[in-house]
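Start at 1 with the first residue, then count along the sequence. Order of listing sets the numbers, starting from 1, for every ligand and every atom in it.
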Amino acid sequence: MDAAYLSEWANLLLRWLHLITGIAWIGTSFYFIGLDNQLDPAKDGNPRVAGEQWSVHGGGFYHKQKYLVAPERLPEKLHWFKWEAYWTWISGFSLFVLIYWGQAGTYLVDPGVIDMPAWAAVLISAALLAGGWVGYDLVCRSKLGDDEVKLGAIGAAALAVVAFISCHVFGGRGAFLQVGAMTGTIMAANVAMVIIPGQKRMVAAMQKGEPPDAQDGRWAKQRSVHNTYLTLPVIFIMISPHYPMTYQSRWNWVVLLAIGLSGALVRQYFVLRQKGKNAVWLPAAATAVVALLIWTGAPKATHGDLADVPAFAEVQTIVATRCVACHAARPTMDGFAAPPKGVMFETPSQIRRWAAALRQQVQTEAMPPGNMTDITEEERAKLLAWVAAGAPAD
Ligand code: HEC
């Protein structure tokens with residue numbers, strides 16, 4: 001079995017795992033943030049109970065109580081929530097390594113942005129990943145960490161800088177995923193390095209009969225709140241590879257930030273709603289941001305408007321030289337075992353069948369990736385003019 005074939009399977013299985021564990025993680029995260037926001041003052045008189053909630057689900061009634069800092073005695077069995085976070089990161093990082101580091105020449109490097117060897121791109125990517133967490137953690141632990149507003153402003157500014165750098169070093173698609181991987185790493189590290197160790201210290205103190213340190217609880221809360229606002233932006237980034245009009249835009253780093261911001265606004269709307277406030281201006285603002293993006297990002301004069309409609313034979317020649325190395329039943333390009341996304345351009349009927357998808361990819365310059373096959377502007381214009389004319393067979 002050849003390596004490219006196995007790598008496709010690894011890609012699929014890791015992605016599946018990543019989705020499953022990610023859903024489990026985000027589910028618990030949303031659930032507990034919602035629970036915290038909806039706690040009512042406790043009625044049973046235990047001064048350690050800070051709040052409680054009654055709910056009904058799945059045919060049963062639940063009565064939850066939150067202790068601050070902790071109950072008098074630990075129960076025999078305590079449920080922890082960490083493996084969904086760890087496995088989301090493990091599967092996501094493996095996927096990132098498999099695709100974006102393993103094929104850095106295709107997915108990270110774009111000679112139109114910066115032409116660099118694949119290993120250099122991997123080094124920069126790794127340095128950004130590690131540096132992102134270290135920087136974030138230091139700021140949270142500093143004095144600034146006590147001031148939520150300042151911390152939020154610094155976080156947003158840092159994200160802007162990272163998005164700018166990433167989009168000016170890597171190809172758009174790789175740049176987006178780089179920012180997503182950095183954010184996901186911060187979220188998982190929040191669990192592994194701050195939340196869980198803090199909770200372990202709290203439990204250990206109680207087992208020794210000492211009061212747990214309330215600061216551990218506050219830090220854990222702070223990081224879990226950060227995670228909740230990062231969730232929606234990260235999910236957008238993870239689906240963005242399907243939409244070249246976002247990552248191929250000339251202002252792609254602004255698009256990344258704007259959509260990330262609208263995700264955070266929507267999340268904030270739900271957080272406030274859980275607290276009983278109906279801040280409709282938040283989703284309205286998010287909608288306005290996205291509408292502005294759609295309006296400003298609309299393609300103006302496209303390449304296609306500039307060219308005469310070429311003969312189909314010419315289209316076939318362009319596609320054969322610029323696309324078929326990858327988009328064939330048996331790709332000749334190194335590292336490809338099967339036609340990417342099942343898209344093939346070997347026969348006239350295949351070319352016509354995929355004409356609309358071809359237009360999208362060629363217009364946004366998402367294909368060929370990093371222009372590996374050196375398609376010219378004129379050839380792009382011809383392909384687009386042909387699709388605009390209804391993809392005639394002649
Ligand atoms: C170096 C290999 C390579 C070359 C050359 C190449 N592509 Fe692709 N193409 C890919 C890969 C990889 C994907 C899958 C991207 C992904 O994972 O989303 C893809 C996906 C596509 C898709 C499907 C997009 C989607 O998300 O459904 C279309 C359409 C496409 N390419 C068109 C073209 C056209 C047109 C050309 C030539 C102008 C071309 N490609 C040249 C590698 C290539």
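Set against the non-hydrogen atoms of Met372, the atoms of ligand 1 under 4.0 Å away are 1 (C). Close approach to Ala357 involves these atoms of ligand 1, each under 4.0 Å from a residue heavy atom: 29 (C). Near Arg322, with a cut-off below 4.0 Å to any heavy atom, the atoms of ligand 1 are 5 (C), 37 (C), 41 (C). Close approach of ligand 1 to Val362 (heavy-atom distance below 4.0 Å) involves ligand atoms 35 (C). For ligand 1, the atoms closer than 4.0 angstrom to any heavy atom of Met333 are 1 (C). Close approach of ligand 1 to Phe345 is summarised as follows: ligand atoms under 4.0 Å from at least one heavy atom of the residue are 32 (C), 33 (C), 34 (C), 35 (C). Heavy-atom proximity to Phe336, at under 4.0 Å, picks out these atoms of ligand 1: 2 (C), 12 (C).
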request  = Report the C-alpha separation of Tyr229 and Ile33 in whole Å, then their side-chain angles, then the decisive distance to 0.1 Å, and conclude whether the side-chain contact (heavy atoms from CB on, under 4.5 Å) test is met.
outcome  = CA-CA 11 Å; Tyr229 290 110; Ile33 293 279; over 6 Å; no
Could you tabulate the donor-acceptor pairs under 3.5 Å formed by side-chain atoms of residues 258-266, not counting sequence neighbours?
| unit_1 | atom_1 | unit_2 | atom_2 | d |
| --- | --- | --- | --- | --- |
| Ser262 | OG | Ala258 | O | 3.0 |
| Ser262 | OG | Ile259 | O | 2.9 |

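Within the protein, the N, O or S atoms sitting under 2.8 Å from atom 8 (Fe) of ligand 1 are His327 NE2, Met367 SD.
Residue, atom and distance of the protein heavy atom nearest to atom 18 (O) of ligand 1 are Arg173 NH1, 3.0 Å.
For the residue pair Trp253 / Ser166, no side-chain donor-acceptor distance below 3.5 Å is found, with atom types taken as modelled. Tyr100 and Gln178 are not linked by any side-chain donor-acceptor pair at a separation below 3.5 angstrom, with hydrogens and angles left out of the test.
Interatomic distance, Gln199 CD to Lys82 NZ, rounded to the nearest 0.5 Å: 9.5 Å.
For Glu314, the salt bridge (Lys or Arg N to Asp or Glu O under 4.0 Å) test picks out Lys382, with sequence neighbours left out.
Note: Trp386 and Phe312 meet the aromatic proximity criterion, with ring centroids under 6.0 Å apart.
Under a 4.0 angstrom heavy-atom cut-off, His242 registers as lying outside contact with ligand 1.
Grouping Ile, Leu, Val, Met, Phe, Trp and Tyr residues whose side-chain heavy atoms lie under 4.5 Å apart, directly or via other members, places Phe336 in a hydrophobic cluster with Met333, Met372.
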